[in-house]
Amino acid sequence: MSVHSNVKKVTTHVLQEMKNAGEKITMLTGYDYTMARIIDTAGIDVILVGDSASNVMAGHETTLPITLDQMIYHASSVVRGVNRALVVVDMPFGSYQGNSKEALSSAIRIMKESGGHAVKLEGGQEIIESISRILTAGIPVMGHLGLTPQSIYKFGTYVVRAKEQDEAQRLIEDAKALEEAGCFAIVLEKIPADLAARVAKEVSIPIIGIGAGSGVDGQVLVVHDMLGINNEFSPRFLRKYHNLFQEMLSSFHRYIEDVRSGDFPNDEESY
Ligand code: KIV
């Protein structure tokens, strides 16, 4: 199928209809053209160009170092591989916090230069001004609450968030504030399943979970984790659909052996 063929594209309105109809929303991360093309061909609803690219593509320990230019590079590569899915692009650390004018100009750069369809920001009431300003430009915004990796130095660890009553209550209020501001969906990361289910019931926009149980409107995973390419990360919430680390390793071993032994290339592989 051509990348520009005439399929019904997933929009933010389609996601809302899916929630209303009780249909689960599927989302995976993607950072490059080749992977995005495979994920989109599989029929995924949303591809998130996550700032987890900072970890899985660039090898940083946290998501903080990735820049706006680098996110735009990843997002534009993904957009070229996508025919149907909604492409949501993470706004990187430092591009939207504390200054709503800068937030708007960062979001405009992402939309103009990458061709993505929406942006995602981490945080609740403390970034509502930035979210509102971005929305005034007609740019759809996805929220992200619970474990927000850009705040890892505030949290100190990647453990489950909002287990205590006061943090859970604040998360519910944040979700309602994001809905009221006009976000089209919210990611809830690593929080108790019953709290996530409650949020999904109490707000009308789609709630996409990662480590947030099954009572939400959809699920997202980091593609390198679910394929088992990353063999250093095995949290409880992750289902691994493959062990690509091992499979790729054995292909590389065989290639090295074949070249060293003179078996590759053979006559049929030569001109
Ligand atoms: O950057 C990312 O991959 C994310 C998902 C974990 C939701 O934000």
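Order of appearance sets the numbers: ligands from 1, and atoms from 1 within every ligand. Residues: numbered from 1 along the sequence shown.
Within the listing of ligand 1, atoms 6 (C) sit less than 4.0 angstrom from a heavy atom of Ile210. Under a 4.0 Å criterion applied to the non-hydrogen atoms of His144, ligand 1 contributes the atoms 8 (O).
Contact check on Asp69 versus Arg109 returns a salt bridge, with a Lys/Arg side-chain nitrogen under 4.0 Å from an Asp/Glu carboxylate oxygen. In this structure, Asp40 does not pair ionically with Arg84, as no charged nitrogen and carboxylate oxygen lie closer than 4.0 Å. Using a 4.0 Å cut-off between charged side-chain N and carboxylate O, Glu180 and Lys176 make no salt bridge.
Inclusion of Asp90 in the set of residues having an N or O under 3.5 Å from an N or O of ligand 1 is warranted. Residue Asp51 places at least one N or O, backbone or side chain, under 3.5 Å from an N or O of ligand 1.
Remark: the backbone N or O of Lys154 is not paired with any side-chain donor or acceptor of Ser151 at under 3.5 angstrom.
Looking at Val222 against ligand 1, only its side chain comes within 4.0 Å, counting heavy atoms.
No donor-acceptor contact under 3.5 angstrom links the side chains of Glu61 and Asn55, judged on distance only.
Of the listed residues (Leu48, Thr29, Leu147), the one carrying the non-hydrogen atom nearest atom 4 (C) of ligand 1 is Leu48. For atom 3 (O) of ligand 1, the candidate residues are Gly50, Ser52, Pro92, Gly146; the nearest heavy-atom contact is made by Ser52.
Aromatic rings from His224 and Tyr31 are positioned such that their centres are separated by under 6.0 Å.
The shortest contact between atom 8 (O) of ligand 1 and any protein heavy atom is with Lys120 NZ, 2.9 Å.
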